Each structure stands twice: as C-alpha cells, then as structure tokens.
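One structure is given below, encoded as structure tokens.
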Number of protein chains: 2
Amino acid sequence: MRAPDVTSSGDPTRTLALLWREPSTAARRGPQRGLNLDTVIEAATAVTDTEGLTGLTMRRVAQELRVSPMTLYTYVPGKAELLDVMLDAAYGRMSRTDTTGQPWRVRLTAVAEENRALFATHPWTAAVSTLRPPLGPGAIAKYEHELTALDGLGLDDVEMDDCLTLLLSFVQTNARAAADARATAQLTTMTDEQWWAAAGPLLARVLDPAAYPLASRVGSAAGAAHGSAHDPAHAYEFGLRRLLDGLAALIERATPAASGRS
Amino acid sequence: MRAPDVTSSGDPTRTLALLWREPSTAARRGPQRGLNLDTVIEAATAVTDTEGLTGLTMRRVAQELRVSPMTLYTYVPGKAELLDVMLDAAYGRMSRTDTTGQPWRVRLTAVAEENRALFATHPWTAAVSTLRPPLGPGAIAKYEHELTALDGLGLDDVEMDDCLTLLLSFVQTNARAAADARATAQLTTMTDEQWWAAAGPLLARVLDPAAYPLASRVGSAAGAAHGSAHDPAHAYEFGLRRLLDGLAALIERATPAASGRS
DNA sequence: TCGTACGCTGTACATTGTACAGCGTACGGA
DNA sequence: TCCGTACGCTGTACAATGTACAGCGTACGA
C-alpha cells in the first residue's frame with residue numbers, strides 16, 4: 001500500500017460521517033468498545049507531535065493505547081482518514097482572536113499568527129496537503145473565522161477566498177521550511193552551521209567567484225546575515241510584509257487611504 | 001530505514017564530489033563499469049517523471065537499466081544522494097532567458113515562468129525540499145541567473161536573496177498544490193468535481209448556513225468560479241500579481257516611478 | 001435463552017532501502 | 001609474463017510499514 005500522508009483516499013461519505021461524528025446506523029450489538037474516536041485522535045496527535053509525521057504509525061498509536069494495531073481499524077477506516085480527523089481536530093482547537101473593528105492589516109496579521117501558532121504546536125500540520133481539506137467542524141469554523149477578517153473590505157467573494165488562500169499558503173510554506181530545517185538537522189545530527197562548515201571549503205575549491213559573482217557574493221552575505229542558509233523567522237517577517245503590501249494594492253485600489261498601514 | 005525523499009543525509013563531501021563529478025581518487029582496477037552516473041540520473045529522472053516520486057524506487061531504476069538493484073550503489077551512495085544529483089541536473093537543464101534591460105517586473109515574471117516550466121516538466125522537483133539545496137553546478141548557475149534579475153534595483157545583498165526566496169517559494173508552493181491535485185485525482189480515480197459532487201450534499205445536510213454564513217457563501221462562490229475548490233492556474237496568476245505588487249513597495253521605495261508597472 | 005452482530009486479536013503479505021558476503025575481472029608491479 | 005588485489009556486480013536477507021483476513025469471544029435483541 002502506498003503511504004498516503006495526505007488525504008482520505010476512500011469514500012467521502014465515510015470520512016464526513018467520521019468528521020461530524022455521525023452516530024452509527026443502528027444499536028450496538030457486540031462487546032463494549034474499549035476506546036472512542038477522540039481517544040484515538042488524542043493519542044495519534046500526541047505521538048505525531050513528539051515524533052513527527054514519520055513517527056505516526058498505526059503500530060505506534062496502538063501501542064500508546066495498549067491495544068493491538070488492528071484494533072484501530074474499528075475506529076477509523078485507515079491511516080489517511082485518521083490524519084483527516086486529526087487535522088480537523090487541531091483546526092477546531094485553534095485560538096480565534098476577535099479583531100472586529102481593527103484595521104485590516106492587523107486582522108490579517110492575527111490570522112497569520114494564529115496559523116503560525118498552530119504549526120508551532122503541531123508541526124506535522126504544515127506537512128500535510130490541505131488541497132482537499134477535511135471538511136469537518138474544525139475546518140469550517142476556521143474558514144468562517146478567517147473570512148471575517150477579510151469581510152467588508154470591498155472584495156468580492158472570489159477575491160476573499162483568493163486572498164485567504166494566498167496568505168495561508170505563505171504561512172504554511174514558511175512553517176514547512178522551518179520544520180524541514182529542524183528535521184534535517186536532527187536526522188543528520190548535524191546543525192546547519194556544521195553542514196555549511198563542512199561543505200563551505202569544498203565548495204570554495206570548486207566554485208569560481210569570477211564565473212558566479214552574484215551567487216558567491218549574495219550567497220555568503222545572506223548566509224552571514226542569519227546564521228545559516230535560511231532563517232525561517234526572518235523569511236516570515238519579510239514575506240508577510242511584502243504580502244500585505246501586495247494585498248494593499250488590491251484592497252485600497254478604490255479607497256487609497258482605506259485602513260491602517262503598518 | 002526512513003524514507004528520505006529530501007536531502008543527502010550523509011557526508012557532504014561525498015555528495016559534493018558527486019555533484020561536481022570529481023574524478024575518483026586513483027586508477028580504476030577492477031572490471032569496466034557498465035554504466036555511469038549520468039545514465040543513472042537519466043533513467044531515474046525518466047521513471048520519476050512518468051511515475052511520480054513514489055514511483056522512484058531503486059528497484060525500478062535498476063530494472064530500467066537492466067541491472068541488479070544493488071548495482072546502483074556503485075554509482076550513488078544512496079537514494080537521497082540520487083535525488084540530489086537528479087535535482088541539480090534538472091536545474092542545469094532549465095532554460096534561462098536573458099532579460100537584461102527589461103523592467104524588473106518582466107524580469108521577475110520570467111524567473112517565475114522558468115521555474116513554473118521546470119515544475120511542469122518534472123513535477124517531482126516541486127515536492128522535494130530545497131531547504132538545503134544541492135550545491136552543484138546546476139543549482140549555482142540557476143541561482144546566479146536568477147539573481148541577475150534582481151541586480152541593480154537598489155536592493156542590498158540580503159534583500160536580493162530575500163526577494164528571490166519569496167518568489168521561488170511561491171512558485172514552488174503553487175506547483176506543489178497543482179501536483180497534489182493531480183496525484184490525488186489519480187490515486188482516488190475520482191476527479192475533484194466528482195469528489196465535491198459526492199461530498200456536497202452530505203455537507204449541505206450537516207452544515208448550517210446560518211451558523212457559517214461567510215464560509216458557505218464564499219466557499220460556494222469560489223467553488224463555482226473555478227471548476228472545483230482550488231484552481232492552481234488562477235491562484236498562480238493572482239498570487240504572482242500580489243507578490244510583485246508587494247515587492248514594488250520595497251523596490252520603488254526611493255524612486256517611486258522606477259521601472260515598469262504591468 | 002440463543003443466534004448473531006460486532007469488538008478485538010494474531011498472522012500474513014507485499015513493498016521499501018540497503019547491509020553483507022561472494023564471485024569474477026583486469027590492472028599494476030614483479 | 002604472471003599474480004595479488006581493488007573493484008564492479010549480484011543474490012540473499014532483514015527490518016519496517018499499512019492493512020486483508022479469519023477466528024474468538026461477548027452481550028444485545030428476539
């Protein structure tokens with residue numbers, strides 16, 4: 001079986017029933033259930049939080065719950081659906097700041113920060129594809145909340161969705177890069193600095209600064225500015241500012257001095 | 001062994017030697033080699049182009065070359081390093097348009113388009129992390145070329161790197177989403193439309209439009225505008241425009257009417 | 001009271017990267 | 001010219017994964 005790591009490959013009906021906790025069809029007949037879906041989600045989330053997405057295995061979750069691996073399939077059709085409900089649950093737990101009345105930049109920054117916090121708490125949420133999102137209560141509530149930050153700015157419905165998608169995908173990409181950096185460092189048991197220290201001299205020997213003047217100059221300047229090749233925190237600050245400036249050109253097209261500039 | 005799918009976990013020295021085709025230490029002693037690194041890269045790239053990253057297995061590449069799986073390890077230390085050299089080779093083959101003298105928006109759009117073309121030709125390149133890039137001749141040439149598009153705009157070195165990173169990560173994220181969409185559709189043998197057709201009614205039954213007015217209104221408006229929940233081509237156009245507008249605020253800060261508006 | 005639906009389990013299989021040891025080849029030094 | 005040895009290639013083997021399948025026992029509805 002292909003590792004899914006992504007979306008419910010199966011029946012949307014089944015997944016939606018799971019997400020919305022639709023009660024099962026008829027009266028239970030056999031033995032009492034020893035667990036319930038939320039317990040499974042909780043255990044799986046705990047495992048994934050501490051051991052990463054690659055640490056999320058059915059066997060590991062089962063072990064955590066002191067239960068045989070196959071037991072999990074009583075609560076969940078498969079690993080993909082488990083990820084779906086884990087994600088929706090995480091969305092449901094996100095804090096949602098009320099920024100009504102504030103300037104739009106403040107409101108959008110808050111939305112970005114809330115997602116940033118999600119990715120900080122549950123790094124794996126940045127790694128799963130949200131293209132076909134889990135349409136559960138958590139995801140819907142999140143979507144509704146985030147749209148309110150874009151409401152009343154003179155955007156049409158499609159533009160609202162476009163702006164939100166752009167903002168969220170920026171934050172997710174940034175978080176993914178940060179998580180990758182941490183994972184790589186841990187996997188290699190070699191910090192970024194150590195890696196560059198090992199690679200640097202070799203590169204210097206083979207790389208002709210005359211042939212690649214910009215690459216060597218800018219590369220080393222960027223490397224020196226932040227400790228290593230890439231600083232996710234800096235990239236976040238920089239990117240968010242550019243992004244908001246870009247949205248400003250859209251939002252304030254009619255009313256040039258609409259809301260707050262930062 | 002953990003599936004790498006990402007970076008050379010091992011010795012940077014070995015990887016760099018591979019990337020730059022450093023001749024091996026001494027005179028060859030044993031039998032003639034039946035293959036060479038570039039042949040392996042070519043075969044692996046062909047396999048991955050047609051069958052995706054999950055289709056890239058050592059056994060599959062070996063089969064393509066009519067060779068036993070373990071033979072590949074004579075040419076490459078492991079799968080991670082193979083991915084590194086594949087990526088660098090793909091970077092090396094990218095077309096690089098000379099846009100000297102053109103307005104900066106045109107130049108940056110060209111850079112974006114070149115990367116978009118790469119992701120179209122080799123979808124897997126969008127899926128691998130480029131956080132710790134393969135520092136081979138291909139990647140360096142790419143970096144040098146792309147930096148020239150940002151040269152002479154009054155940005156300092158760090159800002160040039162920041163802008164390029166932001167632009168490239170936007171294009172990559174967009175391509176990744178597009179590839180995910182295609183992969184999901186193929187895996188599920190269910191188009192996005194079919195999926196929404198199956199999920200829609202169920203969702204309508206459980207979702208109260210009064211409780212989530214914005215989510216239902218904007219969600220269905222966006223879904224109706226493009227055929228499904230997400231249209232990567234539209235997101236690209238929209239996002240790139242916003243991004244360039246955002247960079248404009250940085251680039252044209254001193255000289256308000258610097259270069260071309262689109 | 002009893003049949004049956006259902007919860008839980010152990011075993012099994014296909015798929016993966018790659019460690020390891022063996023076999024044969026052909027070059028460099030004698 | 002001849003041989004030791006470095007090296008290319010191979011088959012076998014192992015650990016880890018998701019999950020299909022069949023069996024076993026439980027407890028509810030008739």
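In this text, all values refer to a predicted model and were calculated from it rather than measured experimentally. To find a chain, count down the sequence lines: A is the first, B the second, and so on, and within it residues start at 1.
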Using both distances under 3.5 Å as the test, list the Watson-Crick or G-U wobble partner of D/dG4, or none.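 For D/dG4, the partner nucleotide comes out as C/dC27, under the 3.5 Å rule.
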Complementary nucleotide of C/dT16, counting Watson-Crick and G-U pairs under 3.5 Å: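 Across all strands, the one nucleotide that pairs with C/dT16 is D/dA15.
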Write down the distance between [atom1] ([X]) and [atom2] ([N]), rounded to a whole number of angstrom.
| X | N | atom1 | atom2 | result |
| --- | --- | --- | --- | --- |
| B/Gln63 | D/dT10 | CD | P | 14 Å |
| B/Leu82 | C/dT16 | CG | P | 15 Å |
| B/Glu81 | C/dG17 | CD | P | 13 Å |
| A/Leu37 | C/dG7 | CG | C1' | 16 Å |
| B/Leu53 | C/dG17 | CG | C1' | 15 Å |
| B/Arg33 | C/dG24 | CZ | C1' | 17 Å |
| B/Arg60 | C/dT18 | CZ | P | 18 Å |
| B/Glu51 | C/dT16 | CD | P | 11 Å |

From the list [options], which nucleotide is the closest neighbour of the side chain of [X]?
| X | options | answer |
| --- | --- | --- |
| B/Met58 | C/dC6, C/dG17, D/dC9 | C/dG17 |
| B/Thr57 | C/dC8, C/dG17, C/dA19 | C/dG17 |
| A/Ser68 | D/dT19, C/dG10, D/dC9 | C/dG10 |
| B/Met70 | C/dG7, D/dT10, D/dG8 | D/dT10 |
| A/Val67 | C/dT9, C/dG24, C/dT18 | C/dT9 |
| A/Arg29 | C/dG3, D/dA6, C/dG24 | C/dG3 |

Indicate the atoms forming the closest heavy-atom contact of A/Leu37 with A/Leu18, along with that distance.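 Heavy atoms of A/Leu37 and A/Leu18 come nearest at CD2-O, 3.8 Å.
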Does any N or O in the side chain of [X] come within less than 3.5 Å of the main-chain N or O of [Y], such that one atom is a donor and the other an acceptor?
| X | Y | value |
| --- | --- | --- |
| A/Lys142 | A/Pro137 | no |
| A/Asp88 | A/Ala139 | yes |
| A/Arg33 | A/Thr74 | yes |
| A/Thr71 | A/Val67 | no |

Using heavy-atom distances to pick each residue's nearest nucleotide on DNA chain C, tell me which of B/Gly30 and B/Gly78 is more 5'.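 Upstream on the strand: B/Gly78.
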Closer to the 5' end of DNA chain C via nearest nucleotide, is it A/Arg66 or B/Leu56?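 In this pair, the answer is A/Arg66.
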Whichever of A/Pro77 and B/Leu35 has its nearest DNA chain D nucleotide further upstream toward 5':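 With A/Pro77 and B/Leu35 compared, the 5'-side residue is B/Leu35.
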Determine: side-chain N/O of A/Tyr75 to OP1/OP2 of C/dG7, distance under 4.0 Å, yes or no.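 The answer is no; no side-chain N or O of A/Tyr75 sits under 4.0 Å from OP1 or OP2.
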Look at B/Gln32 and D/dC7 and indicate whether a side-chain polar atom (N or O) is within less than 4.0 Å of OP1 or OP2.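 No.
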Do other residues, nucleotides or ligands put more than 12 heavy atoms under 6.0 Å from the CD atom of B/Glu144?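 For B/Glu144, atom CD is crowded (more than 12 foreign heavy atoms under 6.0 Å).
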Using a heavy-atom cut-off of under 4.0 Å over every strand shown, decide if A/Leu72 touches base, sugar-phosphate, or nothing.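 A/Leu72: no heavy atom of the nucleic acid under 4.0 Å.
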So does B/Arg59 reach the base of C/dG17 with its side chain, donor to acceptor, closer than 3.5 Å?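 Checked by distance alone, the answer is yes.
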